[in-house]
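Report on one structure; see the data block that follows.
Numbering of residues begins at 1 and proceeds along the displayed sequence. Both counts, for ligands and for their atoms, begin at 1 and track the order of listing. Keep in mind that the numbers below use all heavy atoms, side chains included, and drop hydrogens, waters and symmetry copies.
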Amino acid sequence: MTISSAPGKVYLFGEHAVVYGEPAVPCAIERRATVTVERRSDNHIRVEARDLSLDGFTVEYTGDTEHRPDVDVPTALVDAAMGYVDAAVEQARDAADMPDAGFDIIVESDIPLGAGLGSSAAVVVAGIDAATRELNTPLDCREVARRAYNAEYDVQDGQASRADTFCSAMGGVVYVEGDECRRMTAPNLPFVIGFDGGAGDTGELVAGVRRLRSEYDFAAKTVGSIGEIVRQGETLLQNANPETTPGQALLTELGQFMDFDHGLLEALGVSSRTLDNMVWAAREAGAYGAKLTGAGGGGCIVALDETPETETALEYTAECHDVFRAELDRTGVRVEEN
Ligand code: MEV
């Protein structure tokens, strides 16, 4: 039996624009998905999803996605969770050159599904790591990231960047621009996350931005402006001392860039009333800046505030279902038990 875990993430800047080759800076956070994998003697896959912010379910099938099981939960939920697990299994089988390997898999996660915190990337990354180790073919983090990207790309019909999967595999703060993916040095930022209890449909939201961008020059320029924000934000972070607590000047400027980024994402149609209300609650409470994180449409916002004010304000915001502080997680995928 092998157990691996991988972190979720928030986007400091750059979601959506990163799909078109602009840069993004996602940051891994200390909320993890954990995947337990045990080799079976047949070619079946049995998956138990214990907590994906949905009711747990258990399914067993022959490892062939054509033959989906009959289970008593809505098909869309099973498809959403299983699609990523299937894709991770396929990548592990391919890496080990064992196309018929069967597994018992348990997925546990404290990252809400589809809420902009990189739950699917974390499940895919941890799943590939655990399954390849179980097949005695351990991969290095970069190869796990590469294969996890391939898996997400397949599940999301090509509408995926390398950002989520690279960040989850490597941990810390990363910079992604097209195929260029690298870790950055950065200080620990005082992230506060507000969650509206909902989720967005990444595929639909990405497709909406793609349509706007190809139809209107101003929308294409908006995407380019997000890239500009990311480049300037990256320079700020590179010049900061990673060993010390970030000072007010840095936080003020980063916060201003986050506000700007949120405004452009809103213009591109990927925010929502609940996300906007949480963003405004955070700003009014004195956060340095606040923006949606991930695909949008619902889910989470991220704010910067080292005081308790933003947390308190979000607790009293009707649209906010949950609020928590998130520490930067400098460890990416890791094996918990082998
Ligand atoms: C989703 O977490 C982030 C998007 O930029 C899509 C992607 O990068 O694959 C919207």
- Query: Under 3.5 Å, N or O to N or O, is H16 touching ligand 1 that way?
  - Reply: yes
- Task: May I ask you to identify the nearest protein heavy atom to atom 3 (C) of ligand 1, giving residue, atom name and distance to one decimal place in Å?
- Result: Y11 OH, 3.6 Å
- Message: Quick one: does any side-chain atom of R133 pair with a main-chain N or O of T2 as donor and acceptor, under 3.5 Å?
- Response: no
- Query: Would you say ligand 1 has an N or O under 3.5 Å from any N or O of S161?
  - Reply: yes
- Task: Determine whether the side chains of Y149 and Q91 contain a donor N or O and an acceptor N or O closer than 3.5 Å.
- Result: no
- Item | salt bridge (Lys or Arg N to Asp or Glu O under 4.0 Å) against R325, all qualifying residues, sequence neighbours excluded | E311
- Task: Looking only at protein heavy atoms, identify the closest one to atom 6 (C) of ligand 1 and say how far it is in Å.
- Result: V19 CG2, 3.8 Å
- Ion pair E234/R231, N-O distance below 4.0 Å: no
- For ligand 1, is E22 a contact, meaning one of its heavy atoms is under 4.0 Å away? no
- Task: Output yes when the distance from some N or O of ligand 1 to some N or O of E15 is under 3.5 Å, and no in every other case.
- Result: no
- Is there a donor-acceptor contact under 3.5 Å linking the side chains of E180 and Y175? no
- Could you list the atoms of ligand 1 found under 4.0 angstrom from a heavy atom of A160? 9 (O)
- Set of residues satisfying ring-ring contact (aromatic ring centres under 6.0 Å, His included) with respect to Y20, sequence neighbours excluded: none
- Message: Is the contact between K9 and ligand 1 made by the side chain, the backbone, both, or neither, using heavy atoms and a 4.0 Å cut-off?
- Response: side chain
- Task: Number the atoms of ligand 1 from 1 as they appear, then name those within less than 4.0 Å of a heavy atom of V18, with their elements.
- Result: 5 (O), 8 (O)
- Item | Parallel, tilted or perpendicular: ring planes of F13 versus F257, cut at 30 and 60 degrees | tilted
- Query: How far is atom 2 (O) of ligand 1 from its nearest protein heavy atom, and which residue and atom name does that atom have?
  - Reply: D164 OD2, 2.8 Å
